[in-house]
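Here's the structure, in structure tokens; my notes come after.
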Amino acid sequence: MAISCITNASRTTYYTEALSAYALALSSDENATSFIMSAYKLVISEDDSPSISVSTSVLVEAMSYVLLAMLTMSGNYVAEIATLIRIITKHSNGEGGFVSTQDTVVALQALAKYSEVFKPSDDSSLEVDVTRGEENWTFNVDDSNQLLVQIESMDVKDMSAYNVSVTATGEGCALVSSILRYNIPTFGEVEAFSANIT
């Protein structure tokens, strides 16, 4: 009964399409595949659209539901899953979360399910070299630390510091990301509040 409500309901947004796809995937319904592909196309088109009316938080959550639906079903969605992973991780912030608590919880659930379905190789041995000018950092990724975050801070003193090179050798998989934080100092005296009482 509940499944027919989902399949017959009017779905007007990418979010409702994504939720419907995930619900159908969890129930192993025969309509799940068509709903998943429909939801996938909608969330991808929303990510490509320059419209400011699209909430990043809702989009990340919807993409995560589509990813969960694909990972729940046994279909061949490898290319679509890779695209969703790339886009979802693109929206993560410097602390590992996303925009809101809700989209962070759903996105982390989807990413955890992804790492469960596509388990890293048991014989990972990867060396990632990061070079900036004369400075060099080496990150080793192996079986003991392949799911851990490794962080290095770089001070940026001039524009040449933005030229960073990343080289990986060996076997395995690693995600490399960079976060640029900056502060623009104010010059002169700026009053936050001013009142004249007469």
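The figures here come from the full heavy-atom set of this structure, side chains too, leaving out hydrogens, waters and symmetry mates.
Residues meeting the side-chain contact (heavy atoms from CB on, under 4.5 Å) test with S38, sequence neighbours left out: E17, L42. Every residue two or more places apart in sequence or in another chain that forms a side-chain contact (heavy atoms from CB on, under 4.5 Å) with S64 is listed here: V60, I88, V106, A107, A110. Under the rule for a ring pair (Phe, Tyr, Trp, His ring centres under 6.0 Å), Y40 has no partner lying at least two apart in sequence or in another chain. Not counting sequence neighbours, F98 has no partner by the ring pair (Phe, Tyr, Trp, His ring centres under 6.0 Å) test.
The CD atom of E95 lies 10.5 Å from the OG1 atom of T104; values are rounded to the nearest 0.5 Å. Note that the OH atom of Y65 and the OG1 atom of T72 stand 12.0 Å from one another [nearest 0.5 Å]. Taking OG from S20 and CG from D29, the interatomic distance works out to 11.0 Å, rounded to the nearest 0.5 Å. Remark: S100 OG to E61 CD distance equals 6.5 Å, nearest 0.5 Å.
Using modelled atom types, one finds a donor on one side chain and an acceptor on the other under 3.5 Å when comparing S124 with Q146. D129 and T138 share a donor-acceptor pair across their side chains, judged by distance under 3.5 Å alone.
Under a 3.5 Å cut-off, the side chain of N145 and the backbone N or O of N140 do form a donor-acceptor pair.
Within a 6.0 Å radius of CD in Q102, other residues, nucleotides and ligands contribute 12 heavy atoms or fewer.
Side-chain contact between L59 and Y14: present, with at least one pair of heavy atoms (C-beta onward) separated by less than 4.5 Å. Using a 4.5 Å heavy-atom threshold, the side chains of L68 and V66 count as separate.
Both V141 and V166 are members of a single hydrophobic cluster when ILVMFWY side chains are connected at heavy-atom separations under 4.5 Å.
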Listed pairs under 3.5 Å, donor-acceptor, residues 75-85 side chains, sequence neighbours left out:
residue	atom	partner	partner atom	Å
T83	OG1	A79	O	3.1

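For residues 96-106, there are no salt bridge (charged side-chain N to carboxylate O under 4.0 Å, His left out) pairs, not counting sequence neighbours.
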